[in-house]
Amino acid sequence: MTKQTKKIITTNKKAFHDYTVFEKYTAGIVLFGTEIKSIRKGAINLKDSFAKVEDMEVFLYNCHISPFEGGNRNNHEPERTRKLLLNKREILKILGKVKQDNYTIIPLELFIERGFAKLEIGLCKGKKLHDKRETLKKKDMQRELERYK
């Protein structure tokens, strides 16, 4: 039995800049035929995407997966709404946090594990301008420390 590792396709760097991440969940994605081929090529953008819970199901919005070049007229729509696959318990927990504490569900990272595309989503709160500046200062200080070591 060989050990399978995950292959990271893309990360949402803007999410870590604009939001504070409190909890992370891994969800599967319902995809059409040529979407997985485009994802494996890295033709996906999570920059402005977000997720919502509707009727006890989680959906991903504004995620752009470029059409596959080798596809035919049955190619997928680039920005369609995609369903995320989570356990009922996880959905209830996320829904409670979103309604009670005003969290936002933001996709953080897309990876392929054992042949399946998985999306890491995070329960996040937006950062204020002064929080973003403070984060940048901390990163600069960390870089300076690494440089002197």
Validation row: [X], [Y] side chains within 4.5 angstrom (heavy atoms):
{"X": "Y103", "Y": "E23", "value": "no"}
{"X": "K118", "Y": "K6", "value": "no"}
{"X": "L119", "Y": "R82", "value": "no"}
{"X": "I44", "Y": "C63", "value": "yes"}
{"X": "N45", "Y": "T10", "value": "no"}
{"X": "T20", "Y": "D131", "value": "no"}
{"X": "D18", "Y": "K132", "value": "yes"}

Out of curiosity, does [Y] fall in the hydrophobic cluster containing [X] (side-chain heavy atoms, cut-off under 4.5 Å, transitive links)?
{"X": "Y25", "Y": "F111", "answer": "no"}
{"X": "L84", "Y": "I9", "answer": "yes"}
{"X": "I106", "Y": "I94", "answer": "no"}
{"X": "F116", "Y": "I36", "answer": "no"}

Euclidean distance, [Y] [atom2] relative to [X] [atom1], rounded to 0.5 Å:
{"X": "R40", "Y": "K7", "atom1": "CZ", "atom2": "NZ", "result": "8.5 Å"}
{"X": "K37", "Y": "L31", "atom1": "NZ", "atom2": "CG", "result": "13.0 Å"}
{"X": "E113", "Y": "I8", "atom1": "CD", "atom2": "CD1", "result": "10.5 Å"}
{"X": "L86", "Y": "I105", "atom1": "CG", "atom2": "CD1", "result": "8.5 Å"}
{"X": "E35", "Y": "I29", "atom1": "CD", "atom2": "CD1", "result": "9.0 Å"}

Query raised in the report: Do R147 and E144 meet the salt-bridge criterion of a basic N to acidic O distance under 4.0 Å?
Result: yes
Requested in this report: Run the salt-bridge test on D140 and K137 with the 4.0 Å N-O cut-off and return the result as yes or no.
Outcome: no
**Report entry** Heavy-atom closest pair, residues P107 and A15
**Finding:** O-CB, 4.3 Å
What pairs of donor and acceptor atoms, side-chain ones from residues 120-130 against any protein atom, are under 3.5 angstrom apart with sequence neighbours left out?
from: K125; atom 1: NZ; to: D101; atom 2: O; distance (Å): 3.2
from: K127; atom 1: NZ; to: F16; atom 2: O; distance (Å): 3.4
from: K127; atom 1: NZ; to: T135; atom 2: OG1; distance (Å): 3.1

Quick one: side chains of residues 48-62, donor-acceptor pairs under 3.5 Å with protein atoms, not counting sequence neighbours, listed by atom name and distance.
from: S49; atom 1: OG; to: L46; atom 2: O; distance (Å): 2.7
from: E54; atom 1: OE1; to: Y61; atom 2: OH; distance (Å): 3.1
from: E54; atom 1: OE2; to: Y61; atom 2: OH; distance (Å): 2.6
from: E57; atom 1: OE2; to: K83; atom 2: NZ; distance (Å): 3.0

